[in-house]
Amino acid sequence: MLEIAREGGIEGRSRRYEKRLGDMAGVYRDADAWEAAVAEHGADRLEYWVDDHRYQEGPGALIVGTSTVLPGRMGDEFALTRGHIHEVSDRAELYYCLSGRGVMLMDTVDGQSSAIELTPGKAVDVPGHWVHRSVNIGDEPFVTLFCYAADAGQDYQVISDAGGMKNIVVADGDGWALVPNPDHRGYRVHAGE
Ligand SMILES: O=P(O)(O)OC[C@H]1O[C@H](O)[C@H](O)[C@@H](O)[C@@H]1O
Ligand SMILES: [Fe+2]
C-alpha cells in the first residue's frame, strides 16, 4: 500500500530527488534572471522535488511517484523541471494532476510540439519518443502523480543540445501563453534511437 499525498510525497518511497536553484543553470531562457535569483535567494533554494517508488526490478516493473514543482517565474518564464526524453525512448509515462495548476510541455525530435494544461483530476499520457517537462503556471505547488516503466531512464542532454525546448511557457495577463523559444535549434537525433 502506498500513501500518496496531494501536496506531493509518498509514504514508503524508494527515493527522494531534489533540484535546487543552483542545479538549474542553463535551463531557463533568461540567464540574467536566473543569476539574479541565485544572488537573491541562494543556490540552495528548493525548486522541485520528486518521490518515487520502485517495487520491483526487471522487465515490466513500474516506477510510481509524485513530482512537486514549486511556483515562481524566471523573468517571464514559469517554474519548470529540467525535462528529458527517456533513454529507452519508446517508454511512455502517465501524469495525473493531484494539486495546483500546470502544463505538460512536450516535443518530438522531428518538430511536433504540444502543451497540455493540467488541473486536479486531469491526466496526460506522454507517449514514447516525446521530450517532456512539467511547468507550474499557478501560485501554489504543482503536483502530479506519475507512472512509467522502470527501465526507461532519462536523457537530459537532448534539451541542452537543442538550446532548450521548442516553446517556452510565459506569463500572459492572469494566464499563460506559449511562445517560440528563439534559442531552439532543433533536436539532434541520437545514434541508436
Ligand atoms: O527528470 P527531471 O526533468 O529533472 O524531472 C523530475 C522528474 O520528472 C518526472 O516526474 C519523472 O517521472 C521523474 O522520474 C523525474 O526525475
Ligand atoms: Fe519522464
Side-chain angles (χ1 to χ4, degrees), residues 8 19 24 26-30 47-48 50 52 62-149 152-190 193:
K19 284 290 157 205
M24 302 295 278
V27 176
Y28 288 104
R29 178 143 197 280
D30 188 339
E47 298 295 296
Y48 64 93
V50 173
D52 61 29
L62 296 175
I63 293 176
V64 177
T66 63
S67 157
T68 302
V69 183
L70 300 177
R73 262 165 50 186
M74 208 57 78
D76 281 347
E77 194 177 10
F78 281 113
L80 41 68
T81 62
R82 292 181 299 164
H84 56 260
I85 196 167
H86 292 149
E87 246 164 2
V88 182
S89 63
D90 64 0
R91 299 302 193 251
E93 184 162 3
L94 176 81
Y95 287 87
Y96 174 78
C97 181
L98 292 173
S99 58
R101 196 165 149 240
V103 168
M104 187 59 61
L105 194 58
M106 301 185 282
D107 291 340
T108 59
V109 294
D110 61 3
Q112 287 173 264
S113 199
S114 167
I116 298 191
E117 186 166 338
L118 289 173
T119 49
K122 295 224 165 27
V124 56
D125 186 348
V126 178
H129 304 290
W130 284 73
V131 175
H132 50 286
R133 79 159 29 127
S134 303
V135 184
N136 186 340
I137 55 164
D139 46 24
E140 53 184 281
F142 170 51
V143 187
T144 51
L145 175 73
F146 61 80
C147 181
Y148 66 105
Q154 282 89 11
D155 173 342
Y156 295 101
Q157 216 183 323
V158 69
I159 296 181
S160 47
D161 284 353
M165 289 183 71
K166 196 171 176 188
N167 297 304
I168 54 180
V169 180
V170 299
D172 183 28
D174 284 345
W176 61 282
L178 211 55
V179 298
N181 171 11
D183 297 331
H184 180 73
R185 42 186 179 262
Y187 293 106
R188 189 168 56 86
V189 183
H190 290 231
E193 272 176 12

Do you know the tightest heavy-atom contact between [X] and [Y]?
| X | Y | value |
| --- | --- | --- |
| S160 | R185 | O-NH2, 3.5 Å |
| Y28 | A79 | OH-CA, 3.3 Å |
| P120 | G100 | CD-O, 3.3 Å |

Exercise for the section: Quick one: list whatever passes side-chain hydrogen bond (donor to acceptor under 3.5 Å, both in side chains) with Y187, sequence neighbours left out. Expected result: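 By the side-chain hydrogen bond (donor to acceptor under 3.5 Å, both in side chains) rule, Y187 matches D107.
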Exercise for the section: Kindly write out the residues that satisfy side-chain hydrogen bond (donor to acceptor under 3.5 Å, both in side chains) with D30, not counting sequence neighbours, or none if the list is empty. Expected result: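 By the side-chain hydrogen bond (donor to acceptor under 3.5 Å, both in side chains) rule, D30 matches no residue at all.
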Calculate, to the nearest 0.5 Å, the distance between atoms [atom1] and [atom2] belonging to [X] and [Y] respectively.
| X | Y | atom1 | atom2 | result |
| --- | --- | --- | --- | --- |
| L105 | I137 | CG | CD1 | 11.5 Å |
| E93 | M104 | CD | CE | 7.5 Å |
| L62 | C147 | CG | SG | 4.5 Å |

Contacts table for residues 63-78: side-chain donor-acceptor under 3.5 angstrom, sequence neighbours left out:
residue	atom	partner	partner atom	Å
T66	OG1	G9	N	2.8
R73	NE	G75	O	3.4
E77	OE1	R29	N	3.0

Handout entry: ring-ring contact (aromatic ring centres under 6.0 Å, His included) involving F146 - partner list, sequence neighbours excluded
Key =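 Checked F146 against ring-ring contact (aromatic ring centres under 6.0 Å, His included); matches are Y148.
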Practice task
Just jot down the ring-ring contact (aromatic ring centres under 6.0 Å, His included) partners of H132, sequence neighbours excluded, or say none.
Solution key: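 H132 satisfies ring-ring contact (aromatic ring centres under 6.0 Å, His included) with H84, H86 only.
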Hey, does [Y] have a side-chain heavy atom less than 4.5 Å from the side chain of [X]?
| X | Y | value |
| --- | --- | --- |
| V27 | L80 | yes |
| C97 | F142 | yes |
| E87 | Y156 | no |

Problem - Those residues that, when tested against S114, pass side chain to side chain contact (heavy atoms under 4.5 Å, CB included) (two or more places apart) - result: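 Only M106, I116, W130 meet the side chain to side chain contact (heavy atoms under 4.5 Å, CB included) criterion with S114.
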Exercise for the section: Could you pull out all residues at least two apart from D139 that satisfy side chain to side chain contact (heavy atoms under 4.5 Å, CB included)? Expected result: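 Residues passing side chain to side chain contact (heavy atoms under 4.5 Å, CB included) with D139: none at all.
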Exercise for the section: Without swapping roles, check the side chain of Y95 against the backbone of L118 for a donor-acceptor pair under 3.5 Å. Expected result: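 Answer holds: no.
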Handout entry: Sidechain-backbone polar pair: N181 side chain, M165 backbone, donor-acceptor under 3.5 Å
Key =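 At least one qualifying donor-acceptor pair exists.
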Exercise for the section: Quick one: do H129 and D90 satisfy side chain to side chain contact (heavy atoms under 4.5 Å, CB included)? Show the steps, please. Expected result: CA-CA 5 Å; H129 304 290; D90 64 0; 3.5 Å; yes
Handout entry: All pairs passing salt bridge (charged side-chain N to carboxylate O under 4.0 Å, His left out) where residues 122-136 contributes a residue, at least two apart
Key =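 Those involving residues 122-136 do not exist here.
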Practice task
Could you list all the side-chain hydrogen bond (donor to acceptor under 3.5 Å, both in side chains) pairs where at least one residue sits in residues 162-177, not counting sequence neighbours?
Solution key: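 Residue pairs passing side-chain hydrogen bond (donor to acceptor under 3.5 Å, both in side chains), neighbours aside: S113-N167, E117-W176.
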Handout entry: Partner of V131 under side-chain contact (heavy atoms from CB on, under 4.5 Å), chosen from D155, I85, V126
Key =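 When D155, I85, V126 are each tested with V131, the side-chain contact (heavy atoms from CB on, under 4.5 Å) holds only for I85.
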